[in-house]
Each structure stands twice: as C-alpha cells, then as structure tokens.
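Please read these numbers as outputs of a predicted model, since none were measured by experiment.
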Amino acid sequence: MGLTVKMQQMLEGYGLDALFDEHREQWKEAAKRTHTFVTLSFPDESTIRRDDVAESMVSMLEVNEELQGALAVKKLKQKYWATYFAHYIVDKLWDEIS
C-alpha cells in the first residue's frame with residue numbers, strides 16, 4: 001500500500017506531522033528496530049520493502065502513548081490512524097533506516 005497522498009493529507013490536516021517532527025528520533029529508533037526485526041525474520045535474500053516494515057510497526061503504534069495521546073486529544077478514534085502513521089514514519093525515514 002505505502003503512503004498515499006490521501007494518507008499524508010489526513011495526517012498533516014490533523015497535525016500528526018508535527019507529532020512526527022517532535023518525536024522524530026523516537027520514531028526513527030522504532031523504525032530501525034522494526035527494519036532489523038523484519039530483516040532477521042524474513043527468509044534470507046528477501047527484499048525488505050517499506051510496506052513490510054510499516055505493517056510490522058502498526059501493533060507498536062496502536063499502544064504507543066505519544067500517538068494514542070495525540071489521537072485522543074484530537075478525538076480520532078478510527079483504527080486506521082496507526083497504519084497511516086506507520087506508513088508516514090517509514091516513508092519519511094526509509095533512506096535512514098534501510
């Protein structure tokens with residue numbers, strides 16, 4: 001799936017890009033750990049793609065206090081926000097984590 005323009009516009013429209021910027025190092029570390037986990041878990045010689053990492057990050061983001069707090073303040077209750085934010089993180093940081 002990857003980050004779409006619609007996802008990016010929704011995240012930025014609700015100020016979640018600022019949350020990313022404010023905690024950039026936290027998201028970078030989480031994305032690096034996830035990339036390493038995926039690399040070690042997938043079959044040898046697999047090409048690791050952005051979606052592989054983003055999908056693996058979703059569960060972590062669903063319980064992340066920073067993200068969940070921001071979503072609560074903005075009254076964003078839909079389950080897709082963690083998925084959208086995971087794709088946003090990976091898209092922004094891919095060159096640094098891969």
Side-chain angles (χ1 to χ4, degrees):
M1 168 163 69
L3 182 70
T4 65
V5 172
K6 176 185 173 181
M7 288 179 190
Q8 183 174 350
Q9 287 177 340
M10 289 178 68
L11 290 162
E12 292 173 354
Y14 284 103
L16 295 174
D17 55 325
L19 178 70
F20 171 82
D21 291 338
E22 184 178 342
H23 299 284
R24 187 178 198 284
E25 288 305 311
Q26 174 187 338
W27 307 128
K28 182 178 174 181
E29 184 58 33
K32 277 185 180 179
R33 286 193 317 266
T34 305
H35 187 277
T36 299
F37 170 76
V38 169
T39 301
L40 294 172
S41 301
F42 277 30
D44 292 342
E45 306 303 320
S46 294
T47 300
I48 306 304
R49 294 174 176 84
R50 293 175 190 216
D51 284 353
D52 298 321
V53 177
E55 288 178 15
S56 296
M57 288 186 71
V58 172
S59 294
M60 180 271 303
L61 291 172
E62 289 174 336
V63 297
N64 179 275
E65 292 178 1
E66 298 295 338
L67 177 59
Q68 294 308 311
L71 295 175
V73 166
K74 297 173 186 304
K75 298 181 178 163
L76 302 174
K77 298 179 183 186
Q78 298 87 349
K79 294 186 179 266
Y80 57 76
W81 288 109
T83 300
Y84 285 13
F85 199 64
H87 284 283
Y88 187 83
I89 291 168
V90 172
D91 189 76
K92 292 289 185 183
L93 298 173
W94 185 251
D95 290 339
E96 297 176 51
I97 65 168
S98 63

Kindly write out the residues that satisfy side chain to side chain donor-acceptor pair (under 3.5 Å) with D17, not counting sequence neighbours, or none if the list is empty. none
Co-membership, hydrophobic cluster, residues M7 and M10, 4.5 Å side-chain: yes
Mind listing the closest non-hydrogen atom pair of D51 and G2 along with its distance? OD1-N, 2.8 Å
Tightest non-hydrogen contact, residues A70 and L16, listed as CB-CD2, 4.2 Å
Just to verify, what does E12 make a side chain to side chain donor-acceptor pair (under 3.5 Å) with, not counting sequence neighbours? Q8
For T39, give me all partners under side-chain contact (heavy atoms from CB on, under 4.5 Å), at least two apart in sequence or on another chain. H35, I48
When rounded to the nearest 0.5 angstrom, what distance separates CZ in F42 from CZ in R49? 9.5 Å
Could you tell me if the side chain of Y14 sits less than 4.5 Å from the side chain of L19, heavy atoms only? no
Counterpart residues, side chain to side chain donor-acceptor pair (under 3.5 Å), relative to K32 (two or more places apart): none
Tell me the side-chain hydrogen bond (donor to acceptor under 3.5 Å, both in side chains) pairs involving residues 52-67, sequence neighbours left out? H23-E66
Are any non-hydrogen side-chain atoms of E25 and E29 less than 4.5 angstrom apart? no
Nearest 0.5 Å please: distance from the CD1 atom of I89 over to the CG atom of L67. 7.5 Å
Residues that S41 engages under side-chain contact (heavy atoms from CB on, under 4.5 Å), provided they are two or more places apart: F37
With a cut-off of 3.5 Å and sequence neighbours excluded, list every side-chain donor-acceptor pair involving residues 75-88.
residue: Q78; atom: OE1; partner: W81; partner atom: NE1; Å: 3.0

Identify the two heavy atoms, one from W94 and one from S98, that lie closest to each other, and give their separation to 0.1 Å. O-OG, 2.8 Å
Does anything in residues 84-98 pair up under salt bridge (charged side-chain N to carboxylate O under 4.0 Å, His left out), and if so which pairs, sequence neighbours excluded? R24-E96, K28-E96, R50-D91
Separation between CG (L93) and CZ (F20), nearest 0.5 Å, reads 4.0 Å
